[in-house]
Novice: 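The structure under discussion is supplied below as structure tokens; questions concerning it will follow.
In listed order, ligands and their atoms are each counted from 1. Residue indices begin at 1 and follow the sequence shown. Excluded from the calculations below are hydrogen atoms, water molecules and symmetry mates; all remaining heavy atoms, backbone and side chain alike, are included.
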Amino acid sequence: MSSKLPLFNKLAILPELLTTLSELGYEHMTPVQAETLPSLLAGRDVIAQAMTGSGKTAAFGISLLNRMVVRDFTPQALVLCPTRELADQVTKALRQYARGLGNIKMLTLCGGMAMGPQLNSLEFGAQVIVGTPGRVLKHLKQGSLSLTGLKTLVLDEADRMLDMGFHASMVEVLEFVPVKRQTLLFSATYSEEVRALSGRFQSNPVEVTVVSEAAVSLIEQVFFEVDPKARVAAVMALLRRYQPESAVLFCNTKQRCEEVLSALREQGFPVSALHGDLDQRDRDLVLVQFANRSRPLLVATDVAARGLDVKDLAAVINVEMAFDPETHVHRIGRTGRAGQTGLALSLCAPAESHRTLAIAEYQDITPVWQDLPTINVLSKIPAPRRVTLQINGGRKDKLRPGDVLGALTGEGGVPGANVGKIDIFDLHTYVAVDREVAPAALRRLAEAGLKGRNFKARVLA
Ligand code: AMP
């Protein structure tokens with residue numbers, strides 16, 4: 001398949017960059033690069049759905065380096081990333097791509113690091129800044145960083161930056177960058193919030209969506225032949241053997257979902273089901289408990305999982321084979337995100353084997369078959385680390401995450417490290433807390449209240 005993808009030297013890329021790419025062994029573009037680079041090089045704003053492993057770093061890297069004025073030591077490109085790890089990774093990759101261009105200085109500015117060395121490096125100047133939004137903003141506000149000469153702004157893993165609460169900081173950065181610039185937005189998922197962010201930062205962006213071959217290849221796929229009458233037992237054996245931190249279990253029908261759900265529940269697995277019949281409130285709750293990992297297993301049909309915005313999913317289990325290879329790839333593409341290898345476990349009954357063949361052909365892979373694990377059914381299923389507290393108050397009561405966190409962790413409360421995701425809806429708030437501190441957290445809420453009021457709260461089973 002890769003041989004059908006275009007070569008880099010078909011594009012107007014500097015010869016020095018082309019040489020480096022060929023030294024690195026990059027010959028053909030990845031799908032994301034083929035889709036985005038022509039627009040990127042033409043100076044257009046681009047919003048692209050791309051995950052780690054897709055080759056997105058090289059896509060925006062080639063573009064921003066291609067327009068760099070090497071002699072000018074003012075920052076010309078800013079890449080905002082959600083985490084220090086990603087910022088380090090991006091800087092490393094960009095350094096590699098820039099090595100043929102002469103003296104290009106890159107600087108990483110991340111929170112949690114001492115300011116002193118960052119201030120020193122800034123004095124020397126750098127053409128490329130990579131950093132997390134909070135720390136970059138801090139430098140902008142105190143005047144240690146000036147972006148008036150910026151040409152390219154990249155929002156990398158925009159969805160994760162939003163998840164990490166960087167929205168306000170990102171928007172504030174806008175006040176410090178020129179209006180005339182190129183803005184690139186990369187995100188593994190497109191939510192309303194990501195679109196809103198694009199609207200705020202970008203003008204008339206070219207939109208690119210590709211299921212990347214490269215990302216899919218980060219996924220370890222294993223197929224298991226299953227007796228169709230023993231499918232549910234096989235699912236349990238896989239869960240006991242692999243113990244994924246989180247997993248979506250795909251079924252072809254709602255009936256199958258229900259069958260799997262009730263069997264797993266009966267055995268004490270922390271599982272919910274996502275199906276079309278749920279009302280909005282129940283759907284919200286299912287998604288909250290799944291995302292905060294208090295119910296890290298989710299049984300779903302393809303239709304119900306549409307728009308499911310999951311990240312860092314440890315595993316996908318195909319309880320039955322999808323009807324077509326496209327659906328299969330879409331299912332398994334939900335794992336292996338954020339650079340982690342994902343696990344895709346597929347149960348295939350003899351009557352479904354033609355579907356596995358079609359997948360093998362579509363993905364150009366040789367399927368790896370293994371025997372189903374034999375597991376002692378009495379082996380303990382580990383309880384999730386966190387439970388969800390439901391508070392009967394929400395946005396309508398003007399509750400904000402800070403209020404909830406403050407109340408829980410205030411004097412005599414529970415340590416902040418024991419508190420996970422806080423989700424606020426109109427009438428309810430859900431807080432993930434470590435199982436062992438749940439009683440203390442409830443006590444604390446009853447005693448201290450929230451914003452001077454008392455709200456009912458309970459631990460969800
Ligand atoms: P990224 O999605 O940016 O994290 O890149 C994923 C990996 O693919 C990195 O290890 C890159 O070095 C590599 N890579 C990016 N583009 C290409 C290409 N066109 N050919 C071969 N490898 C590539």
Side-chain angles (χ1 to χ4, degrees), residues 1-41 46-66 77-101 106 108 128 130-132 152-161 184-190 208-220 311-313 329 332-342 363-364:
M1 181 162 173
S2 63
S3 59
K4 285 188 219 133
L5 285 159
L7 298 164
F8 285 105
N9 61 17
K10 295 280 172 264
L11 294 175
I13 298 173
L14 294 170
E16 296 89 337
L17 277 171
L18 284 176
T19 306
T20 305
L21 292 176
S22 100
E23 284 166 4
L24 291 173
Y26 298 9
E27 201 182 333
H28 297 277
M29 296 179 211
T30 67
V32 167
Q33 291 161 355
E35 295 279 341
T36 58
L37 267 170
S39 307
L40 291 178
L41 294 167
V46 171
I47 170 168
Q49 185 165 29
M51 332 179 184
T52 304
S54 61
K56 64 186 164 77
T57 317
F60 67 72
I62 291 167
S63 166
L64 68 87
L65 291 170
N66 207 54
L78 169 66
V79 184
L80 290 178
C81 301
T83 61
R84 176 159 47 124
E85 288 70 33
L86 185 64
D88 286 337
Q89 216 174 298
V90 167
T91 311
K92 212 169 128 208
L94 294 182
R95 281 218 169 92
Q96 219 181 8
Y97 302 142
R99 70 186 182 200
L101 290 176
M106 320 240 169
T108 321
V128 182
V130 183
T132 47
T152 315
L153 172 61
V154 182
L155 305 179
D156 194 11
E157 301 203 356
D159 50 350
R160 276 181 77 203
M161 287 202 279
L184 319 176
L185 187 156
F186 291 85
S187 186
T189 55
Y190 281 172
V208 171
T209 324
V210 275
V211 175
S212 131
E213 216 188 326
V216 171
S217 72
L218 270 176
I219 299 166
E220 185 187 345
K311 285 168 217 86
D312 304 328
L313 192 59
V329 170
I332 69 170
R334 293 166 183 277
T335 180
R337 294 203 173 159
Q340 284 148 1
T341 28
Q363 290 197 274
D364 197 15

Novice: Can you confirm whether Glu157 sits close enough to Lys56 that some side-chain heavy atom of one is under 4.5 Å from a side-chain heavy atom of the other?
Specialist: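 Yes, side chains in contact.
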Novice: As an exercise, identify every atom of ligand 1 less than 4.0 angstrom from a heavy atom of Thr57.
Specialist: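 Here the atoms of ligand 1 in question are 1 (P), 3 (O), 4 (O).
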Novice: Would you indicate which of Ala50, Gly55, Gly61 comes nearest to atom 5 (O) of ligand 1 when only heavy atoms are counted?
Specialist: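 Checking each option, the heavy atom nearest atom 5 (O) of ligand 1 is found in Gly55.
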Novice: For ligand 1, which atoms, with element, lie under 4.0 Å from some heavy atom of Thr30?
Specialist: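 Selected atoms, number and element: 16 (N), 17 (C), 18 (C), 19 (N).
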Novice: For Phe8, counting its heavy atoms only, list the atoms of ligand 1 lying under 4.0 Å from any of them.
Specialist: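 Close to Phe8: 19 (N).
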Novice: Sub-3.5 Å donor-acceptor pair from the side chain of Thr30 to the main-chain atoms of Ser54, do we have one?
Specialist: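 Yes; at least one donor-acceptor contact below 3.5 Å.
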Novice: Among Tyr26, Tyr97, Phe60, Phe186, which one puts a heavy atom closest to atom 12 (O) of ligand 1?
Specialist: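 Looking at heavy atoms only, the winner is Tyr26.
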Novice: Go through ligand 1 atom by atom and flag the ones less than 4.0 Å from a non-hydrogen atom of Ser54.
Specialist: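 Result: 2 (O).
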Novice: Only one of Leu7, Thr36, Leu21, Leu37 passes side chain to side chain contact (heavy atoms under 4.5 Å, CB included) with Met29; say which it is.
Specialist: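 Of Leu7, Thr36, Leu21, Leu37, side chain to side chain contact (heavy atoms under 4.5 Å, CB included) with Met29 is met by Leu37 alone.
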Novice: Below 3.5 angstrom, do we get any N/O pair linking Gln33 and ligand 1?
Specialist: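 So ligand 1 has an N or O lying under 3.5 Å from an N or O of Gln33.
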Novice: Mind checking whether Val130 and Met106 have side chains closer than 4.5 Å, heavy atoms only?
Specialist: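 No. Closest side-chain heavy atoms not under 4.5 Å.
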Novice: Roughly how far, to the nearest 0.5 Å, is the CG atom of Leu185 from the CG atom of Asp159?
Specialist: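 These two atoms lie 9.0 Å from each other.
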Novice: Counting only N and O atoms by type, is there a donor-acceptor contact under 3.5 Å from the side chain of Thr132 to the main-chain atoms of Thr83?
Specialist: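 Judged by distance alone, no pair lies under 3.5 Å.
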Novice: Pick one of side chain, backbone, both or neither for how Gln89 approaches ligand 1, counting any non-hydrogen atom pair under 4.0 Å.
Specialist: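 Answer for Gln89: neither.
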